[in-house]
Every structure is written in C-alpha cells, then in structure tokens.
*Asks:* 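Below is the structure I would like to discuss, written out as structure tokens.
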Amino acid sequence: QITNTTNAKSIVSWSPDSKKFLFRENLPSEGRPVPYILNLYDIEKKTIIKSFGPEISFDLNKWFKDNKGIGFTKYSESGTVPVITDIDGKNYREISGGYEAIEFSSSGDRLVQIDEYNNIKFRNLATSGTVYLGNKNLSWPAWSPDGQYISFIDWSANEGWGASVVILK
C-alpha cells in the first residue's frame, strides 16, 4: 500500500520508464463537485513528489516519451483546460480550452482538440502553429507512439449503428 488514504481513486498513467505514476485523489468536501488533486508518485523514493490542483477533476493524463513531461486535462469552473508541464511542475502551461476531446502526442509537442460541433484543431505546442480542419464528424483521437499518425472514429461513415476508423498522417 502506497497511500494511507481511502481517497485515491485510480492510477491514471505510468511513466514510460515505469518509475513514476500519476493518480487522481479526491479531497474531503461537504459540497459538490468534489475537488480532486493529481499526485505524482515516485516508486524509488516511495513518496508523492508533486501534486497538482485542487480542481473539479483531472483526466486524459499522458506521459511524454522523454519521461520529463506530462500532459493532462483539468476541469475547473471555467471549463476543460489542457495543461502541459515538466514533472517537477516547472514550465506549467495551460492551453486554451473549450474542447470535448483532447489528445496529446507522445512527444508532448502536438495536441489535437475536437469541440462539441466536431471541429478539429491541431496545435504544434513547440511553435504555437495551429491548423483547423473544420467539422469532420470525427471523435476519439489517438496518436501513434511515434507521433506520425493520428486515428479517429468516424460515426458518419455508417448510417445507424457502427463507425469507421480514419487515420491521418
């Protein structure tokens, strides 16, 4: 057992080197929504080395393949906001929110965002470049591990039930 609390909700994600992981923990609260913090736990040090929050919730957490950075989505009263940061909390950067689906590339330098109307926006976080694809009726983005491809689910391809997979390079 690594924590002495019953509030640890889930292991969100492991680092690529398997030496650290992120987990979400709810804080005691008499009201709703329950505030959460995101903890970074170090296996070798056997301790939480960094906490982010509190916020309404955290989700979509991703380790970048260099083991030095993470991306996550925080839910605050102002809405859904993607965040990238070094694991020590330095270089913390919030990115404009307002999107339903968000996926970070494994390198941490790119982000795809899909809004409630299925408008797609690709962002190069290193150069601040942005490409809008407009409404493509695609959802559930997922980057390939090398960052060369991104897949989506296309619900418009089949009338009624069923979906197709779309891959972009």
*Asks:* For S15, enumerate each residue passing the side chain to side chain donor-acceptor pair (under 3.5 Å) test, keeping only those at least two apart in sequence or located in another chain.
*Replies:*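 Side chain to side chain donor-acceptor pair (under 3.5 Å) check on S15 returns D17.
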
*Asks:* On a heavy-atom basis, which atom in I84 and which in F104 lie closest, and how many Å separate them?
*Replies:*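 The answer is CG2-CE2, 3.4 Å.
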
*Asks:* Checking the side chain of W63 only, and the main-chain atoms of S13 only, is there a donor and an acceptor separated by less than 3.5 Å?
*Replies:* yes

*Asks:* Please give me the minimum heavy-atom distance between P141 and I150, naming the atom from each residue.
*Replies:* CB-CD1, 4.0 Å

*Asks:* Given 3.5 Å as the limit, does a donor-acceptor pair link the side chain of R110 with the main chain of G147, or not?
*Replies:* yes

*Asks:* How long is the gap from CG on D86 to CZ on F64, to the nearest 0.5 Å?
*Replies:*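 Going from CG on D86 over to CZ on F64, the span is 9.5 Å.
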
*Asks:* Step by step, would you call N91 with T85 a side chain to side chain contact (heavy atoms under 4.5 Å, CB included)?
*Replies:* CA-CA 5 Å; N91 299 314; T85 185; 5.5 Å; no

*Asks:* Would you please name every residue forming a side chain to side chain donor-acceptor pair (under 3.5 Å) with S51, sequence neighbours left out?
*Replies:*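 Scan of S51 (side chain to side chain donor-acceptor pair (under 3.5 Å), adjacent residues dropped) gives N39.
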
*Asks:* From the options L111, V112, I114, select the one residue that forms a side chain to side chain contact (heavy atoms under 4.5 Å, CB included) with I102.
*Replies:*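 Looking at L111, V112, I114, the match for I102 under the side chain to side chain contact (heavy atoms under 4.5 Å, CB included) is L111.
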
*Asks:* List for me each residue that meets salt bridge (charged side-chain N to carboxylate O under 4.0 Å, His left out) alongside K20, sequence neighbours excluded, and say none if there are none.
*Replies:*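 So K20 forms a salt bridge (charged side-chain N to carboxylate O under 4.0 Å, His left out) with D42.
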
*Asks:* Which residues satisfy the ring-ring contact (aromatic ring centres under 6.0 Å, His included) test with F122, sequence neighbours excluded?
*Replies:*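 F122 satisfies ring-ring contact (aromatic ring centres under 6.0 Å, His included) with no residue once adjacent residues are dropped.
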
*Asks:* Here's one to test your reading of the geometry: is the NZ or CZ of K74 within 45 degrees of the ring axis of F72 and under 6.0 Å from its centre?
*Replies:*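 Judged by the rule (NZ or CZ under 6.0 Å from the ring centre, within 45° of its axis), K74 is not positioned above F72.
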
*Asks:* Between R93 and L125, is the side chain to side chain contact (heavy atoms under 4.5 Å, CB included) condition met? List the steps.
*Replies:* CA-CA 10 Å; R93 181 174 158 203; L125 301 176; 4.1 Å; yes

*Asks:* Given side chains that start at C-beta, do those of W14 and L22 come closer than 4.5 Å, heavy atoms only?
*Replies:* no

*Asks:* Does Q113 offer a backbone N or O that forms a donor-acceptor pair with the side chain of R123 under 3.5 Å?
*Replies:* no

*Asks:* Is the closest side-chain heavy-atom distance between E94 and Y92 below 4.5 Å?
*Replies:* yes

*Asks:* What verdict does the side chain to side chain contact (heavy atoms under 4.5 Å, CB included) test give for I153 and L138, after you've listed the backbone C-alpha separation in whole Å, the side-chain angles of each residue and the deciding distance to 0.1 Å?
*Replies:* CA-CA 6 Å; I153 299 298; L138 304 174; over 6 Å; no

*Asks:* Walk me through whether F152 and I120 qualify under side chain to side chain contact (heavy atoms under 4.5 Å, CB included).
*Replies:* CA-CA 11 Å; F152 296 90; I120 299 172; 4.2 Å; yes

*Asks:* Would you check if there is a donor-acceptor pair between the side chains of S128 and N124 at a distance under 3.5 Å?
*Replies:*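 Distance-only check fails for N124 and S128.
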
*Asks:* With K121, which residues qualify under side chain to side chain donor-acceptor pair (under 3.5 Å), at least two apart?
*Replies:*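 For K121 the side chain to side chain donor-acceptor pair (under 3.5 Å) partners, ignoring immediate neighbours, are Y99.
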
*Asks:* Quick one: does any side-chain atom of T127 pair with a main-chain N or O of G129 as donor and acceptor, under 3.5 Å?
*Replies:* yes

*Asks:* Does N118 have any side chain to side chain donor-acceptor pair (under 3.5 Å) partners at least two apart in sequence or in another chain, and if so, which?
*Replies:*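 N137.
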
*Asks:* Mark yes or no for whether W143, through its side chain, and S106, through its backbone, hold a donor-acceptor pair below 3.5 Å.
*Replies:* no

